[in-house]
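To keep things clear, I will list the structure first and then write my remarks on it.
Along the sequence shown, the residues carry numbers beginning at 1. Reckoned from all heavy atoms, side chains included, excluding hydrogens, waters and symmetry mates.
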Amino acid sequence: MRVVMFGYQTWGHRTLQALLDSEHDVVTVVTHPRSEHAYEKIWSDSVADLAEKHGIPVIIRNRPDDALYDLLAEAAPDIIVANNWRTWIPPRIYDLPRHGTLNIHDSLLPAYAGFSPLIWALVNGEKEVGVTAHLMDEELDAGDIVVQRAVAVGPTDTATDLFHRTVDLIAPVTVEALGLIASGQTAFTPQDRSKASFFHKRAEEDIRIDWNWPAEDLERLVRAQSAPYPAAFTYHRGQRVEIVSAVVSQGRYGGTPGRVFYREGDGVVIVAGADARHGRNRGLAITRVRTADGRELPATEYFTSMGGYLTGRP
């Protein structure tokens, strides 16, 4: 099939490479301009560079427009394949090819449509994550599922671990889905919209630690914001401190959320949970921190004395 590919960052790069390695013919690539957004500089393999290396025409757009429609109509694709395209694709474009548009999304749809699905899923304690190839329709990430593959989330996995595990699914999922479509299959699995969830882009506010959260949730937040993502942060004595690593405490600690309370093993326990006053909660045992000047050190060295509070703002 003649394929037009819409994509960006490493997800788009892996998709384009899968298409180049397949029996299909990539006739045009559409990608976004480079961005300085914190999350868009991560996993930023260039779709444009890969396309140009293989002599494929590249169109740079932030969002589709009339001129793009005309160029795509001239390219006459049998199908569009999209992965990590960051803006709305209108119906006259996604319906332009005879087979429509196949979108590759890094979640187990219908859950975690939208943005940063791996991070949100890890924060929320999901047991599996994965990749879904679905046909695009008028609602974002809501079309019929062609192929879906899952991987397990381990108890110490970080978002970076899950990225590497799921990005390796892109090629087989894409190629299998295209094979089914090329074979003439048209009946695929409708999404159960009663199970749908939609998440926004990650931003500074999403990595600010709220000590009213249970320690189990905070520990997952720290893992979800593993390097190279921006680390979860808090404030100590008015200074920003990033939490590089942490575990849920062995003991139960009562008091006021955010209290710097007790040394336990290699960590310093912070009281956590809105109902911590009852003394039934685990705390978050911070093991490594990064200070405002970029120094990374064990929490037991940073917290030279117990007492005081960690807060959401200076």
**Message:** Before you tell me yes or no, could you show the steps for D65 and R61 under salt bridge (Lys or Arg N to Asp or Glu O under 4.0 Å), namely the whole-Å CA-CA distance, both residues' side-chain angles and the distance that decides it to 0.1 Å?
**Reply:** CA-CA 8 Å; D65 55 22; R61 288 290 191 281; 3.0 Å; yes
**Asked** Linking Ile, Leu, Val, Met, Phe, Trp and Tyr through side-chain heavy atoms less than 4.5 Å apart, which residues share a cluster with W85?
**Response** V4, F6, V27, V30, I59, L68, Y69, L71, L72, I80, I89, I93, Y94, L96, M136
**Item:** Worked verdict on T287 versus S245 for side-chain hydrogen bond (donor to acceptor under 3.5 Å, both in side chains)
**Value:** CA-CA 6 Å; T287 53; S245 61; 2.5 Å; yes
**Prompt:** Is it true that R14 and D168 make a salt bridge, defined as a side-chain N closer than 4.0 Å to a carboxylate O?
**Reply:** yes
**Request:** Please name the pair of heavy atoms, one in V131 and one in L108, separated by the smallest distance, quoted to 0.1 Å.
**Result:** N-CD2, 4.2 Å
**Asked** Taking the side chain as C-beta and beyond, is there a heavy-atom pair between M306 and R259 under 4.5 Å?
**Response** no
**Message:** Assess whether a salt bridge exists between R288 and E296, defined as any Lys/Arg side-chain N lying under 4.0 Å from an Asp/Glu carboxylate O.
**Reply:** yes
**Prompt:** Mind checking whether W211 and L310 have side chains closer than 4.5 Å, heavy atoms only?
**Reply:** yes
**Message:** Any side-chain to backbone donor/acceptor pair from H24 onto M1? Under 3.5 Å, distance only.
**Reply:** yes
**Message:** With ring pair (Phe, Tyr, Trp, His ring centres under 6.0 Å) as the criterion, how do H164 and W43 come out once you've worked through the C-alpha distance, each side chain's angles and the decisive distance to 0.1 Å?
**Reply:** CA-CA 10 Å; H164 287 298; W43 317 126; 5.3 Å; yes
**Request:** Start with the C-alpha gap between R92 and E138, add the side-chain angles, then the distance that decides, and say whether salt bridge (Lys or Arg N to Asp or Glu O under 4.0 Å) holds.
**Result:** CA-CA 10 Å; R92 72 172 185 152; E138 68 278 0; over 6 Å; no
**Prompt:** When you measure from the side chain of S116 to the backbone N and O of I119, does any donor-acceptor pair fall under 3.5 Å?
**Reply:** no
**Request:** May I ask you to decide if P77's main-chain N or O and R2's side chain share a donor-acceptor pair within less than 3.5 Å?
**Result:** no
**Message:** Between I270 and L218, is the side chain to side chain contact (heavy atoms under 4.5 Å, CB included) condition met? List the steps.
**Reply:** CA-CA 11 Å; I270 313 300; L218 293 175; over 6 Å; no
**Prompt:** Less than 4.0 Å between a side-chain N and a carboxylate O, is that true for E264 and R252?
**Reply:** no
**Request:** Would you confirm whether R240, through its side chain, and A292, through its main-chain N or O, come within 3.5 Å as a donor-acceptor pair?
**Result:** no
**Asked** Is the F188-H134 ring centre distance short of 6.0 angstrom?
**Response** no
**Asked** Is there a donor in the side chain of R202 and an acceptor in the side chain of Q225, or the other way round, less than 3.5 Å apart?
**Response** yes
**Item:** Residue pair P228 / T160, side-chain heavy-atom distance below 4.5 Å
**Value:** yes
**Asked** Ion pair present between D78 and R98, side-chain N to carboxylate O less than 4.0 angstrom?
**Response** yes
**Request:** Could you tell me whether E176 and R149 make a salt bridge, using a distance below 4.0 angstrom between a side-chain N and a carboxylate O?
**Result:** yes
**Request:** State, without any angle test, whether N83 and N103 hold a side-chain donor-acceptor pair at a distance under 3.5 Å.
**Result:** no
**Request:** Would you confirm whether the ring centroid of H236 sits within less than 6.0 angstrom of the ring centroid of Y302?
**Result:** yes
**Request:** Scan residues 122-132 for pairs that pass side-chain hydrogen bond (donor to acceptor under 3.5 Å, both in side chains), counting only residues two or more places apart or in two chains.
**Result:** Y112-N124, Y112-E126, T132-Q148
**Item:** Verdict with reasoning, F261 to Y253, per ring pair (Phe, Tyr, Trp, His ring centres under 6.0 Å)
**Value:** CA-CA 8 Å; F261 189 18; Y253 298 89; 5.6 Å; yes
**Request:** Using atom types as modelled and distance alone, determine if a side-chain donor or acceptor of Q191 lies under 3.5 Å from a backbone N or O of G143.
**Result:** yes
**Request:** Test V3 against D25 for side chain to side chain contact (heavy atoms under 4.5 Å, CB included), laying out the working first.
**Result:** CA-CA 6 Å; V3 179; D25 182 19; over 6 Å; no
**Message:** Could you check whether D217 pairs with R282 (Lys NZ or Arg NE/NH1/NH2 to Asp/Glu carboxylate O, under 4.0 Å)?
**Reply:** no
**Asked** Considering only heavy atoms from C-beta outward, does the side chain of L284 approach that of E219 to under 4.5 Å?
**Response** yes
**Prompt:** Under 6.0 Å from the CZ atom of R237, do we count more than 12 heavy atoms belonging to anything else shown?
**Reply:** no
**Message:** Between Q9 and I42 (side chain of the first, backbone of the second, donor and acceptor by atom type, cut-off under 3.5 Å), is there such a pair?
**Reply:** yes
**Message:** One thing to verify: whether R165 and D157 come together as a salt bridge, which I'm taking to mean a side-chain N less than 4.0 angstrom from a carboxylate O.
**Reply:** yes
**Request:** Kindly indicate, with the supporting measurements, whether the criterion ring pair (Phe, Tyr, Trp, His ring centres under 6.0 Å) is fulfilled by H13 and Y8.
**Result:** CA-CA 7 Å; H13 187 280; Y8 186 51; over 10 Å; no
